[in-house]
Amino acid sequence: MSMEYSVPLYWRNRINYYRLIGGKCKKCGRIFFPPYNRCPYCGSDEIEPVELPRTGKLLTYTVSYNPPEGYKLQTPLIIGLVDLGVAKVVAQITDAQPDELKEGMDVEAVVRRIREDRTAGLIHYAYKFRPLVKQE
Amino acid sequence: MGVYVKSYGLTKLGRSYFKSLYDLVNDALSDMDDTTKPDLIIVSSLFTSTSIGQLDLASKIAEITGYKGVPAIRVETGETSGHNAVLMAFRLLASGQYDNILLVGAEKTTEFLAARMYKEISKVFDSEYEAYMGVGHASLHALAMKEYMRRYGKTHRELAYWPALMHQNALNNPYAALRFPVDQDSVVKANTVSDPITLLDSYPLVDGASTVILTRNPNSALAEIKYAAAATDVMPITHKEDILDLPALRTVYNRIKEESGGDLSIDIFEVTDQFTITPYLIFESIGIADKGSSVDMVNNGLFDRSGQYPTNVTGGLKARGHPFGATGLYQLSEIAGILSGTFPISMEDAKEALILGINGLGSNASGILVGRR
Ligand SMILES: [Zn+2]
């Protein structure tokens, strides 16, 4: 059994990955994702975790036919830049074919399998976004 | 106190399956043909802990170049590693700490299948929140390219003037990896890597090495390093105010301008055009083009060799190739060669050149102002 990815790293980040936790700066008010211990805009260390909205707009996206190693089964991989209003997120776009997507459409976060760690068999989960399912 | 380029050596970029990284460094050293003993060696390389499995590469380089005993360090700042190696050497020489510094840039990107390399390269972006999600080098540039085309109403074919120009420029560069012409239509129609980026919008994966000796001794120098500067910006693109803006590079450009008395008269620009979109972002971020206007300027020939802003006259990353850790030193070598008339491509009236480099979408940025001797 060999492990390619660090388990402690994944474990530390899992809440951010599952629940989209960003950082909010108490000094300048900016919200950012990924979260840091210090504000990337003003340098303050007064940061509180904040759960980001789970819906937003798909600003732009790209369909990747030559993704990095480890994502072959998911090819083509759709990568989107999503605006959640208070912060932006880069993520895989799922549950949609490329021709069903368009810039500006509403999307929502879901937790999905990102990859499997080779023979170690560990499955890594994190956020992906899909077109917003309208409630009738 | 001045800092000068004494000599440079290059290998032809390409897929060197039968040569090791050390063979390539040796070839560059032979091409340089300068036995000046350095008092410091600075090595620039990104992927060697993966590609050849070696740490403390600098010591090994000191030994294989015949300079065992000389202090040696390695600089790694992603795609600006070579530029920052030059910056460090420039500052150390200018401060009088050293007299002669040997810069060695070397990279092997063809030791594994391309997908494995793409995974390594994706680490130039945020590792835990971008590379982790399977986001590759091309994909983040693709997001920028698509956003640029949407925001300013430009077509892929218009942007493709750039790669066609780079292939044209590389025809006369004997060290270039891709020495064949392409037209704008073939760029657009090539296989898609990450839409809208096609294979011909992208740099080729290559192996190569470059060596440069920087010195305080002005005698018989090829060119002068007039100034060098660097700056950093946020790493995740989601922290950027605007995906199309490169504020760190603007800081670098303005600092170099200030240092030159507020006025720059650049005869040759040399920029890191990783993908078709990248040079447009660079020109608009440093302000030689207004936002959204660089595509028309490029299409009007302003960045051709005969234009107002000759840029990447040796083919750029696009056609010369992008040997990552060695890229900044290829740029410096070629520029020093052109300014001194020792390179196969000549620009007779050129007196001053500016080399600009970015990592990723601008997390690290550096600039080197080079003058004719
Ligand atoms: Zn702040």
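The sequence lines fix the lettering, A, B, ..., with proteins before strands; numbering per chain opens at 1. Heavy-atom basis, side chains included; hydrogens, waters and symmetry copies ignored.
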(message) Given heavy-atom pairs under 4.5 angstrom as the criterion, report whether the side chain, backbone, both or neither of B:D233 touches chain A.
(response) neither
(request) Identify the heavy atoms of A:Y36 and B:P236 that sit nearest to each other, and give their distance. (result) OH-CD, 3.2 Å
(request) Check each atom of A:L77 against the heavy atoms of chain B and say whether the ones under 4.5 Å are side chain, backbone, both or neither. (result) side chain
(message) Is it the case that over 12 heavy atoms from other parts of the model lie below 6.0 angstrom from the NZ atom of B:K240?
(response) yes
(message) For the CG atom of B:L143 and the CG atom of A:L59, what is their distance to the nearest 0.5 Å?
(response) 9.5 Å
(message) Could you report the tightest heavy-atom contact between A:P67 and B:A115, atom names first, then the distance?
(response) O-CB, 4.3 Å
(message) Are more than 12 heavy atoms, taken from residues, nucleotides or ligands other than A:I123, located less than 6.0 Å from that residue's CD1 atom?
(response) yes
(message) Is B:I237 in contact with chain A via its backbone, its side chain, both, or neither, using a 4.5 Å heavy-atom distance?
(response) side chain
(request) Could you label the plane-to-plane angle of the B:Y132 and A:Y5 rings as parallel, tilted or perpendicular, counting under 30° as parallel and over 60° as perpendicular? (result) perpendicular
(message) Rounded at 0.5 Å granularity, tell me how far CG in B:L199 sits from CG in A:N66.
(response) 7.5 Å
(request) Apply salt bridge (Lys or Arg N to Asp or Glu O under 4.0 Å) to B:E241 and A:R30, showing your working. (result) CA-CA 11 Å; B:E241 304 283 359; A:R30 294 283 299 254; 3.0 Å; yes
Anything under 3.5 Å between a donor and an acceptor, one on a side chain of residues 44-51 of chain A, the other on a protein residue two or more places apart or in another chain? List them.
{"from": "A:S44", "atom 1": "OG", "to": "A:E46", "atom 2": "N", "distance (Å)": "2.9"}
{"from": "A:E51", "atom 1": "OE1", "to": "A:R19", "atom 2": "NH2", "distance (Å)": "2.9"}

(message) What part of B:L113 gets within 4.5 angstrom of chain A, counting heavy atoms only: side chain, backbone, both, or neither?
(response) neither
(request) Would you mind checking which part of A:A126 comes under 4.5 Å of any heavy atom in chain B, side chain (CB onward), backbone (N, CA, C, O), both or neither? (result) side chain
(request) Evaluate the side-chain proximity of B:S139 to A:Y61: yes if any heavy-atom separation is below 4.5 Å, no if none is. (result) no
(request) Residue by residue, scan residues 96-114 of chain A and write down, ordered by number, those that have a heavy-atom distance under 4.5 Å to chain B; if none do, write 'none'. (result) A:E103, A:I114
(request) Please look at A:Y71 and chain B and tell me whether the side chain, the backbone, both or neither of the residue comes under 4.5 angstrom of a heavy atom of that chain. (result) side chain
(message) So which atom in A:I79 and which in B:G134 form the shortest heavy-atom distance, rounded to 0.1 Å?
(response) CD1-O, 4.3 Å
(message) Which one wins on heavy-atom pair count under 4.5 Å against chain A: B:E128, B:M235, B:E130, B:E120?
(response) B:E128
(request) Mind checking the CE-OG1 spacing from B:M145 to A:T62? Nearest 0.5 Å is all I need. (result) 10.0 Å
(message) Give the interface residues of residues 188-196 of chain B toward chain A, defined by a heavy-atom separation under 4.5 Å.
(response) B:T192, B:V193, B:S194, B:D195
(message) Is it the case that over 12 heavy atoms from other parts of the model lie below 6.0 angstrom from the CG atom of B:D290?
(response) no
(request) Tell me, for A:I78 versus chain B, whether the close heavy atoms (under 4.5 Å) come from the side chain, the backbone, both or neither. (result) neither
(request) Show the numbers, then the answer: is there a side chain to side chain contact (heavy atoms under 4.5 Å, CB included) between B:Y129 and A:V89? (result) CA-CA 9 Å; B:Y129 289 85; A:V89 177; over 6 Å; no
(message) Please check if the number of heavy atoms outside B:K291 that lie under 6.0 Å from its NZ is greater than 12.
(response) yes
(message) Applying a heavy-atom distance below 4.5 Å, give me the residues of residues 155-162 of chain B that approach chain A, sorted by number.
(response) none
(message) Can you confirm whether B:R150 sits close enough to A:T60 that some side-chain heavy atom of one is under 4.5 Å from a side-chain heavy atom of the other?
(response) no
(message) Nearest 0.5 Å, please: how far is CE in B:M133 from OH in A:Y17?
(response) 5.0 Å
(request) Verify whether the ring centers belonging to A:F33 and B:H239 lie closer than 6.0 Å. (result) no
